[in-house]
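Proteins get letters first, then strands, A, B, ... in listed order; numbering begins at 1 in each.
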Amino acid sequence: MSESAMQDQQRQQTSELAKAYDPSAIEEKWAAYWVKEGVFDTPEARDAKAFVMLLPPPNVTGRLHMGHMFEQTEMDILTRWHRMRGERALWVPGTDHAGIATQMMVEKALVAEGTGRKEVGRERFLERVWDWKKQYGGAITDQMRRLGASVDWSREYFTMDEDLSVAVNEAFVRLWEQGLIYRGAYIVNWDPTIQTAVSDLEVESEERVGKLYYIRYPLADLSGEYITIATTRPETMLADEAVAVNPEDERYKHLIGKMVILPLSAPQLGVEGNREIEIIADDWARPEFGTGAVKVTPAHDPNDFAIGKRHNLGQRSIFDERAHIALPHSPYDGLERFEARERIVRDLDAAGVLEAVKDHAMTVPVSQRSGSVIEPRLSDQWFVKIQPLADKAIAAVKDGHIRFTPEMYEKTYFEWMGNIHDWCISRQLWWGHRIPAWYCEAQHITIARKTPTVCATCGKTGLVQETDVLDTWFSSGLLPFTVFGWPGEQERGGSNGSTKDMADFYPTDLLVTGFDILFFWVARMIMLGTHFMLDVPHADGTARALKDAVPFREVYIHALVRDADRQKMSKTKGNVIDPISIIERFGTDAVRFTLASMASPGTDIAFSEERTDGYRAFANKIWNAARFLFMNIDRGREAGIAVDFCELASALKSAETLEGKWILTRLGAACAAVEKALEAYRFDEAASAVYQFFWGELCDWYLEVVKLRLEFGPNADKAETTAALTTLVTVFEAALRLLSPFMPFITEEIWHALWASSDAGVAPGKSVALTRFPMASDCLKDEASAVTMESLQEVIVAVRGLRKEISVPEKEAVPMRIFGEPAAEIASVHARVLAKMARVSAVEIAGGALSGSGARSTAGFDVQVVYERVIDVAAERERLTKDLAKFEKGLTAANRQLGNEAFMGKAPAHIVDGLRKQAAETQMLFEKATAALAELNG
RNA sequence: GGGCGGUUAGCUCAGUUGGUUAGAGCGCCUGCCUUACAAGCAGGAUGUCGGGGGUUCGAGUCCCUCACUGCCCACCA
C-alpha cells in the first residue's frame, strides 16, 4: 500500500467524509452491520418498560412495495424512538405463508413445466412449495434489511413454522371443544378458478351492466297460463326448486300453491316427463322488481338457499367445482357457466318462452385473488361461530382497552363487528395448516391435537384426515400470542399456559397497519386474542382481565401510498413504484424522510419524486454540514484546540455566545416538538420540526454565525474558539441523535465518524440507535438569548432586503443606521455578526426615526442602508403604496374590532391586548410609510 | 341503498379546544460559484380557505345545505 493510500485509509477511519454524499456507499454497509452485530436484538434488561410491535407479516411470495416501505418506515421511526428513550423495544418480524398466493405461484411454475398440482399430488406439491419458500421466501425480508428496519431478527418467524402450527391446531381444537367451530353444508363464495371457498372479505363487488331475462314458466295444469320470472342468471334455472311470489302480491295470489313446468327440463335432464316446481309465497319476493316472481335455486344463490330452508325445498346442484355444468344426460353437460347461459337463452328463445331481455345494472361478486366471478356454491365447509368472539372484541374497544388512531376507524370497526357473519375458515387448498379433523368410514368427525388412530364416535380405525386447510388469516390472527409461545406450558402438561415472553411482551403496545386489513387481520386478532388470552393467567397466577387479554393497546391506521397522480398502484395499471429502484436513485434515508413527511393522517400519500429529491438535498445538507464540522475539528487539532467529548452532555446545558445559547434553546424546542408529534403519530410534524431545525436554524444561522468564532490562527483567542467548537460539536451530535430515527444511515455514518475524531477515537457504543434520544430537558433553555437572537435576525433580514432593494452589489460592504431599542443596542453589540451575515461595514445608532432612501421600518426598529445609489423611485413608490394598503386594511380591521363593544366586552383580555399592541404597531408603520411616500413624492 | 373522508398558494400538503393581519416544501421571478454544500446562498411574488346560508364580539376552524371527489360496507332476483 502506498503512503498516500495509507493516509487516505487513516483519514477514512478518523474524521474525513467523502466529498460528495453518496447514499449507496454507506447504506448497504450499515444495513449489514446492524444485522451482523445484532444491534436490534431485544435486550434482556427486564427492568425497562417494554415497547412491543408485531410487523404485519408480508406474504412470503411478496416483493416490497411502497406501502410496505411506508408502513415499515413509520414502525421503524417509532421503534427507534422508543428504543432511544431507554425502553426495551421489540419489533417482531416474520412472514406469512399466504395460502392462496403461494399455492398459485407454485402451481403456475408447475404448469410451465408441463405438469400441474393434481398431477404431482399433494405430497410432492407441498415439497415443491417448501423448496420454493427456501429459495425465494427470503426476498422480502432481505429487502427489509436493506431498509434498515430495526426488527429483532433473532425472533423472525414463519406462519408455517412447527411451533406456530402446533399453536394453530391447539386453537382449532379448543374452539371446537368450546362449540365455536362447526362443519356443515352452506352456500359459500366459491372461486371456480382456484377452486376453493373464500370468505366474504375476499370477495369484491364490481359494477357491471348485465341482462335481466324474462322467462315464462307455464302452469302445469295445462291451462295455458304462465308466470313470468325475471332472472340475471338463466343458466341456474336447471336447478330451480320453486318460483316465489310475495304473499301480498295481488297479481299472483291465485297462483300460490300451483305447479309450473320448468322449461327445458324434461329432455335436457333426461327425465321422463316435465319437471314441475311449486309457486310459493315468500316475503323475499319484491313485487316491484322485475315481474314480482322470482325463481328459487337454493344450491346456487344464498338468498334462495334461505328460502329453500324456509320451505323445505330440495338443493339440486348443477355445477362442478370449475362452475361447469355437471348434468351427465343433458346437452349442456360440461359447458362453462357463461357458455351455458348463452345456449340456454337461445333454447328458451327457440321454445318461445323468452319474453324479454333488458339491460340491468348490477354488482357482481368477484374473487379478490383470481378475479373470477364468484359462484355461490353449496358445499361442506368449516365455520367459526363468530358472535361470542365478536362480543368480547366489541367490548375491548368500547371499554377503551384498545384505542384507534385516527379515531374514526373505531366506528368502522363497530359497524363491521356489529354485522358480522360466521367465518368460513376452510379452504380447498393444499398449502396451509391442514384442519385437524379425521373421518371414519361412517363420516364421524374426530378432532384431535395429534393424529388419532380410532374414531372418537364409533371406535373404528382407518381414519382419513380432512383435506381442507385453514384460511391463512386464521393463523395470522393468532400471532400476537403465538409468537410469544402460546399455548406454552399447558400444552406440555405445565401449570397455567403463560410463558416468560408472554409475561414480558403481551399485550403488545401498538399495531401499525393499513385499513385494508382492518377486518382481515386487526379485527380477527382482537377476537382471537381476547378469546384465548383471557384464559391465560398472568405469570403470578392471577386471572387476566379483558384489559390485558387484548392483543395490542393501540392501533395506528396509516394512509395508502398512491402514485403521483393519486392513482392506486397496481400491476395492471403499470404504475407501481418499486421502492428499491427509488432508493437506488435517492437513498433510503431520503425516501424514508419523504414518506414520514407526507404521512399526514386521513390523507393518502401521493408519492412524489420531486419531493424525494428535495429530501435527498436535505441529506446532502446534513452531509455537508458534517464536513464543515470535521474540517473545523481538523483545523482545531492542527492548532492544538480540541473538544472534550466527555463533556458533551454538560455542554448541552451552557454556551458562551448569543448564537450558542440560542441554538441550544432551539434544539430543545425541536426535541420537544418531535416528541410531541411522535406521541400523536404525527410523523409529518416530527419530520418538519427536524428539517426546520437542522436546515433553517442550525445550517442557515448557527453555522454561518459560528464561523466568526472559529479562528485557528496564531493570534486567535483559543478559549473562544474552543468554546465555539465545543458548542458546535455538541449541538451537532445531539442533532444526529434527533435525526437518527428518521434517517438512520447517514446519521450512523456521521456519528461514527464524529466519535472517531474524538480523543477516544471510537464511538461509545455500537450504534447511534442505541444512544439516548435528546430531550428538551437535556438542553439549555435561555429565552432571553433567544429573543435577542431573533431581534438580530430581524435586523439582518431587513438589511439584506434593503440591500437588494437599492441594488447594492452582493460583495460590497456598506454601513447601516439603526434606530429603536433594543434592536439598535443589539445591532451594535453584534456588529461582527451583522458584518458577516449582511455585509455591514459599520453600525451607526441613529438619533431618530429613519426614512427615505434605503430605509425600512419594522414594528421594533428603523434601519437604513447607507449607499449612494439612486433608488428606483417607481419601484419604491409601488412597494410603499402596497405596504400602505396592507397597513390600512389591517388597521381598519383592528380598529373596527376595538371599537366593537361586544368584542371588547366578551373577548378574553390577552386577545384584546394583543390586538391593541398590534394596532399600535400597525399605526406606527402606517405613519412611517406615509411619511416615506410623501418624501419620495417630494 | 347505508356509512366515512376530502375540497386552503401553480403543485403536494399543514393549520391544535373558534382568537390578533392563514403557513411549509416544491415550483416560479431576481441576484450571487461568499473556502460545508450550485443537490447551494440571499431576496421576492402568490390565496374571495369549493358555493350558499346560519351561530358568534369573532369562523379556514362549529351547524345546515348544495356541488365536486375519493373510499368502505350491503344477500336483492
Can you tell which of A39(B), A36(B), G44(B) lies closest to the side chain of K707(A)? A36(B)

Given U30(B), C57(B), C26(B), the nucleotide with the shortest approach to the side chain of K804(A): U30(B)

Using a heavy-atom cut-off of 4.0 Å across all strands, would you classify K836(A) as base, sugar-phosphate, or nothing? nothing

Side chain of F519(A): nearest nucleotide among C73(B), C57(B), U34(B)? C73(B)

State yes or no: are the ring centers of F383(A) and H421(A) separated by less than 6.0 Å? no

Could you state the CZ-P distance from R803(A) to C41(B), rounded to the nearest angstrom? 18 Å

Base, sugar-phosphate alone, or nothing: which one does P376(A) contact when heavy atoms must sit under 4.0 Å apart? nothing

Please tell me whether Y615(A) and F593(A) form a close aromatic pair, meaning their ring centres lie under 6.0 Å apart. yes

Once you apply the 3.5 Å cut-off to both distances, tell me the Watson-Crick or G-U wobble partner of C68(B), or none. G6(B)

Taking any heavy-atom pair under 4.0 Å as a contact, classify D700(A): base, sugar-phosphate, or nothing. sugar-phosphate

Hunt down the Watson-Crick or G-U wobble partner of A45(B), both distances under 3.5 Å, from any strand shown, or write none. none

Examine K358(A) relative to Y214(A) and say whether NZ or CZ is less than 6.0 Å from the centre of the six-membered ring and inside a 45° cone about the ring axis. yes

Filtered N/O pairs between nucleotides 74-77 of chain B and protein, under 3.5 Å:
residue	atom	partner	partner atom	Å
C75(B)	O2'	N303(A)	OD1	3.3
C75(B)	O2'	N303(A)	ND2	2.4
C75(B)	O2	N303(A)	OD1	2.5
C76(B)	N3	R286(A)	NE	3.2
C76(B)	N3	R286(A)	NH1	3.1
C76(B)	N4	R286(A)	NH1	2.5
A77(B)	O2'	A230(A)	O	3.3
A77(B)	N6	R286(A)	O	2.7
A77(B)	N6	F289(A)	O	2.9
A77(B)	N1	R286(A)	N	3.0

What's F305(A) touching, base or sugar-phosphate or nothing? Going by heavy atoms closer than 4.0 Å. nothing

Watson-Crick or G-U wobble mate for G40(B), both contacts under 3.5 Å: C32(B)

Spell out, as yes or no, whether a donor-acceptor pair under 3.5 Å connects the side chain of T297(A) to the backbone of A299(A). no

So which protein N/O to nucleotides 62-64 of chain B N/O distances come out below 3.5 Å?
none

Nucleotide forming a Watson-Crick or wobble pair with G25(B), both distances under 3.5 Å: C11(B)

Strand partner of G1(B), provided both Watson-Crick or wobble distances fall under 3.5 Å: C73(B)

So what does R682(A) touch, heavy atoms closer than 4.0 Å: a base, only the sugar-phosphate, or nothing? sugar-phosphate

Taking only the side-chain nitrogens and oxygens of W695(A), find out if one of them lies under 4.0 Å from OP1 or OP2 of C41(B). yes

Interatomic distance, K621(A) NZ vs A36(B) C1' [rounded to whole Å]: 8 Å

What's E704(A) touching, base or sugar-phosphate or nothing? Going by heavy atoms closer than 4.0 Å. base

Polar-atom pairs under 3.5 Å, protein N or O versus N or O of nucleotides 2-12 of chain B: list them with distances, or write none.
residue	atom	partner	partner atom	Å
C4(B)	OP1	K411(A)	NZ	3.2

Comparing nearest nucleotides in RNA chain B, the 5'-proximal residue of the pair M904(A), W701(A) is W701(A)

Check the pair Y186(A), D422(A) against side-chain hydrogen bond (donor to acceptor under 3.5 Å, both in side chains), reporting the backbone distance first and the verdict last. CA-CA 11 Å; Y186(A) 293 90; D422(A) 281 356; over 6 Å; no

